[in-house]
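Notes for the one structure printed next.
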Amino acid sequence: MSNLLTDWVFHLDAHLAALAAGHGSMVYALMFGFIFVETGVVVLPFLPGDSLLFVAGTLAAKGAFSLPVLAPTLMAAAIAGDTLNFAIGSVMRKHVLEPDRIRFVKPAYLERTRKFFDRHGRKTIVLARFVPVVRTLAPFVAALGKMPYPAFLAYNVVGGLAWVGILLGAGHLFGHLPWVSRHLTAVILGIVALSILPGVIGWARGRTRPARQ
């Protein structure tokens, strides 16, 4: 299983292109499902949504996808996923007295997301789109924290449009460049590294702070 996931991460462009060639318009539904699950299911926070969006943009630049169809499809998926996530958090808030003991979410991830909220406030819903793990848990924690749904929805829409638009647009813009085409795997790994960097920095700060104290 791990080998399969690694192969998909390293050769996402080839696999996605093969799906587009073999399944036509069904690939739009598959990518909708992927983005929806990555943002909407609390127990799956590690799916590579950033790299998928960038690669989809590069393939759209080469004619494998229609950008006018792809962009609104994935934006809708991102917004719907966060909406589901918020609904799950609302249900859990009503039935679980101690949110830190929710079995399917690691307390460390909840704490990291709460600190993100403490630092950035409600705009965390927008900023978290660009940070794996935090992206998936932010709507859930917002619901646990009783954020009003109208406020959440506004930030959700802005964040979903920005996240998908920026990464798809970057892929479409740079997908024409020969260097990007030749080194797309390296670009994908760079995106993955940049996306997890905030989490690594937060972990390092957490490790050094107790030592200083």
Problem set entry | CA sep, side-chain torsions, deciding dist, call: Leu127, Val134, side-chain contact (heavy atoms from CB on, under 4.5 Å) | CA-CA 9 Å; Leu127 299 176; Val134 176; over 6 Å; no

For this session: Would you check, one step at a time, whether the test side-chain contact (heavy atoms from CB on, under 4.5 Å) holds for Met31 with Leu53?
Result: CA-CA 9 Å; Met31 286 194 290; Leu53 291 173; over 6 Å; no

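Summarising the geometry of Met147 relative to Phe86, their closest heavy-atom pair is O-CZ, 3.3 Å, with the distance given to 0.1 Å. Here the shortest heavy-atom pairing between Ala138 and Ala128 reads CB-CB, 3.8 Å. Closest approach of Asp82 to Arg135, counting heavy atoms only: OD1-O, 4.3 Å. Closest approach of Val164 to Leu74, counting heavy atoms only: CG2-O, 3.7 Å. Ala60 and Leu67 get closest at one heavy-atom pair: CB-CD1, 4.2 Å. Minimum heavy-atom separation, Ala78 to Gly160: CB-CA, 4.2 Å.
With values rounded to the nearest 0.5 angstrom, Leu70 atom CG is found 9.5 Å from Leu59 atom CG. Here the OG1 atom belonging to Thr39 is positioned 12.0 Å from the CG atom belonging to Leu137, to the nearest 0.5 angstrom. Here the CZ-CG distance, from Phe140 to Leu84, works out to 11.0 Å after rounding to the nearest 0.5 Å. In this structure, CE in Met92 is found 9.0 Å from CD1 in Ile88, a value given to the nearest 0.5 Å.
Under the rule for a side-chain contact (heavy atoms from CB on, under 4.5 Å), the partners of Ala80 that lie at least two apart in sequence or sit in another chain are Phe36. By the side-chain contact (heavy atoms from CB on, under 4.5 Å) test, Ala76 is found to be paired with Phe32, residues two or more places apart in sequence or in another chain being considered.
Within the structure, salt bridge (charged side-chain N to carboxylate O under 4.0 Å, His left out) contacts touching residues 143-165 (residues at least two apart or in different chains) do not occur. Among residue pairs with one or both ends in residues 63-74, none qualify as side chain to side chain donor-acceptor pair (under 3.5 Å); sequence neighbours excluded. Pairs passing the side chain to side chain donor-acceptor pair (under 3.5 Å) check and including a residue from residues 161-171, sequence neighbours excluded, read Asp50-Trp163.
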For residues 149-159, tabulate all N or O donor-acceptor pairs below 3.5 Å that involve a side-chain atom, not counting sequence neighbours.
unit_1, atom_1, unit_2, atom_2, d
Asn156, OD1, Arg129, NH2, 2.6
Asn156, ND2, Ile79, O, 3.1
Asn156, ND2, Thr83, OG1, 3.2

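A donor-acceptor pair is defined here as one N or O able to donate and one able to accept, closer than 3.5 Å; such a pair exists between the side chain of Asn85 and the backbone of Thr136.
The hydrophobic clustering, which links ILVMFWY residues whose side-chain heavy atoms are closer than 4.5 Å, places Leu168 and Val69 together.
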